[in-house]
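Written out below as structure tokens is the structure these notes cover.
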Number of protein chains: 2
Amino acid sequence: MASDHTRSAILAAAERLYADRGFGDVTLRDIVAEAGVNLAAVNYHFGSKDELIAELFVTRSIATNRERLRELKAAEEEGGGRAPIEVILRALVGPTLRGCLGPENQRSTAARFMIRASIESVPPIRRIKNREIDHLRKFAGAMRRSLPDRNDVDIYWGLNFALAMAHHTIRESERLTKLSEGKCDLDDVEDVVARVVSVATMALTAGRAEAKAPSKVAAR
Amino acid sequence: MASDHTRSAILAAAERLYADRGFGDVTLRDIVAEAGVNLAAVNYHFGSKDELIAELFVTRSIATNRERLRELKAAEEEGGGRAPIEVILRALVGPTLRGCLGPENQRSTAARFMIRASIESVPPIRRIKNREIDHLRKFAGAMRRSLPDRNDVDIYWGLNFALAMAHHTIRESERLTKLSEGKCDLDDVEDVVARVVSVATMALTAGRAEAKAPSKVAAR
DNA sequence: GATAGTTTCATACAACTGTTTGAATTGCAA
DNA sequence: TTGCAATTCAAACAGTTGTATGAAACTATC
């Protein structure tokens with residue numbers, strides 16, 4: 001088994017580069033240069049570039065999901081099996097937002113890598129990603145227990161919108177800052193979390209009777 | 001000037017392939033094969049691959065923005081300079097949603113291409129994309145006129161969340177269908193539009209006093 | 001300290017990329 | 001028809017990619 005030093009140096013370098021520049025722009029030669037190892041080391045230790053990406057993604061996936069589920073479980077136990085919807089949503093979007101936003105030096109490479117993975121969707125990742133549905137289903141279940149009056153469709157749409165706001169805000173944080181001329185403070189992570197959770201909660205709890213039934217006045 | 005046949009064949013083929021498979025996976029040889037023209041034609045007519053992408057994006061950008069602004073203008077004129085916030089939001093997200101969702105055969109290649117462009121962000125597009133901020137500012141202005149009591153920060157966050165829900169729903173439509181076991185009907189475009197608009201409107205109009213001021217009870 | 005197994009290294013390889021070239025072909029005006 | 005420009009084409013180019021090779025360097029066991 002030896003030192004494992006090269007292996008982990010490659011993993012760390014690859015994660016850093018992918019997080020910063022995306023999958024498309026990072027070559028094996030970039031990775032080995034950043035890691036300070038030989039070009040052949042990647043194929044020796046991981047088999048192929050795709051397997052390196054896959055290992056990176058699986059590891060981080062498990063960690064992120066565990067973190068989110070930990071918050072969720074704790075909340076549900078505290079509430080005797082039923083957690084407030086805000087807390088569930090916070091467990092869903094909080095970890096990712098905290099990892100990806102905030103002052104530059106505090107951002108986690110892991111979280112930024114995961115966002116890249118959720119955006120670019122290279123083949124090795126796409127293959128694994130289907131498992132994430134099972135993970136989201138656990139949140140859907142908790143939400144259903146929290147809001148027993150809501151039907152499934154609304155639950156799923158709420159879940160979808162919560163993830164939408166979190167991910168989009170991360171991806172387009174630069175543009176939002178520019179658009180608002182700095183008025184939207186993306187470094188105040190807890191405020192961002194509060195905003196996302198607040199809107200998602202409204203989406204899930206408001207009696208949105210007017211959205212489906214009525215006249216559907218199209219603006220065109 | 002001649003027939004221009006080759007030029008437009010390339011544009012059409014490129015847009016189709018990029019919309020379907022993304023920028024990363026489509027090579028010049030794929031494009032010319034699809035278009036039925038010679039490999040050198042791209043460089044002859046457009047100068048380079050990047051310029052081809054740029055032309056495609058600029059054309060579609062202008063068209064999409066014009067469509068959105070048309071709806072916006074009409075609404076504001078009808079309201080004497082002030083349009084209801086729902087109508088503004090509908091003008092913002094409606095055209096894109098209608099183009100990208102709905103029954104397979106009705107989806108517009110142009111809209112799907114634009115979504116790709118908004119996701120993958122290759123260099124030639126990134127350069128152009130900054131202009132889109134000016135376009136969004138026009139919507140921010142209309143929203144401000146519609147909701148004069150709201151401060152700018154809330155306006156920008158509402159705009160951000162509206163785009164977030166629309167784009168994310170398009171990008172992850174397949175996953176949402178799978179997650180909800182088909183219960184969320186992505187083919188009913190007007191329902192999707194209504195949901196996005198409804199939630200975004202709540203985000204912009206609800207007295208969300210609880211989000212900023214209070215105790216900030218973090219779940220961790 | 002010799003040996004066997006693991007790991008590193010420089011280098012080469014084959015495949016693919018966007019681009020260029022220069023000759024062939026076309027279309028059209030005189 | 002002749003002549004000239006615009007366009008198409010097959011072929012080659014130079015660069016980059018991920019991967020494979022076989023020799024060298026290391027490591028630990030006896």
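Every chain is numbered from 1, with letters handed out A, B, ... down the list of sequences.
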message = Ignoring hydrogens, what is the shortest heavy-atom contact between A/A117 and A/K129? Give both atom names and the distance.
response = O-NZ, 3.7 Å
note = In whole angstroms, the gap separating P of D/dG15 from NZ of B/K49 amounts to 19 Å
inquiry  = Using 30° and 60° as the class boundaries, would you call the ring planes of B/F161 and B/W157 parallel, tilted or perpendicular?
reply    = tilted
request  = Rounded to the nearest angstrom, tell me the gap between atom CG in B/L52 and atom C1' in C/dT19.
outcome  = 14 Å
ask   = In Å, rounded to the nearest 0.5 Å, how long is the span from CG of A/N65 to CE of A/M114?
value = 7.0 Å
message = Testing A/R126, A/R68, A/R127 one by one against A/E132 for a salt bridge (Lys or Arg N to Asp or Glu O under 4.0 Å), which residue passes?
response = A/R68
request  = Mind running a 4.0 Å heavy-atom check of residues 15-32 of chain B against DNA chain C and sending the residues that fall below it, in number order?
outcome  = B/T27, B/L28, B/R29
Spacing between B/D50 atom CG and C/dG18 atom P, to the nearest angstrom = 10 Å
task = Send over the distance from B/D4 CG to C/dG27 C1', rounded to a whole Å.
result = 15 Å
query = Got a sec, which pairs hit salt bridge (charged side-chain N to carboxylate O under 4.0 Å, His left out) with one end in residues 43-53 of chain A, sequence neighbours left out?
reply = none
task = Determine: side-chain N/O of B/T6 to OP1/OP2 of D/dT8, distance under 4.0 Å, yes or no.
result = yes
query = What are the residues of residues 36-47 of chain B, sorted by number, that bring a heavy atom to within less than 4.0 Å of DNA chain D?
reply = B/N38, B/A40, B/Y44, B/H45
Working for side-chain contact (heavy atoms from CB on, under 4.5 Å), residues B/I53 and B/V122 = CA-CA 9 Å; B/I53 295 179; B/V122 291; 4.3 Å; yes
remark   = note: A/I53, atom CD1; D/dG18, atom C1'; distance rounded to Å ~ 11 Å
Least distance between heavy atoms, A/L89 atom then A/A162 atom = CD2-CB, 4.0 Å
key: Length of the line joining A/H5:NE2 and C/dT8:C1', which is rounded to integer Å   = 13 Å
message = Ring-plane angle category for A/F113 and A/F23, please: parallel below 30°, perpendicular beyond 60°, tilted otherwise.
response = perpendicular
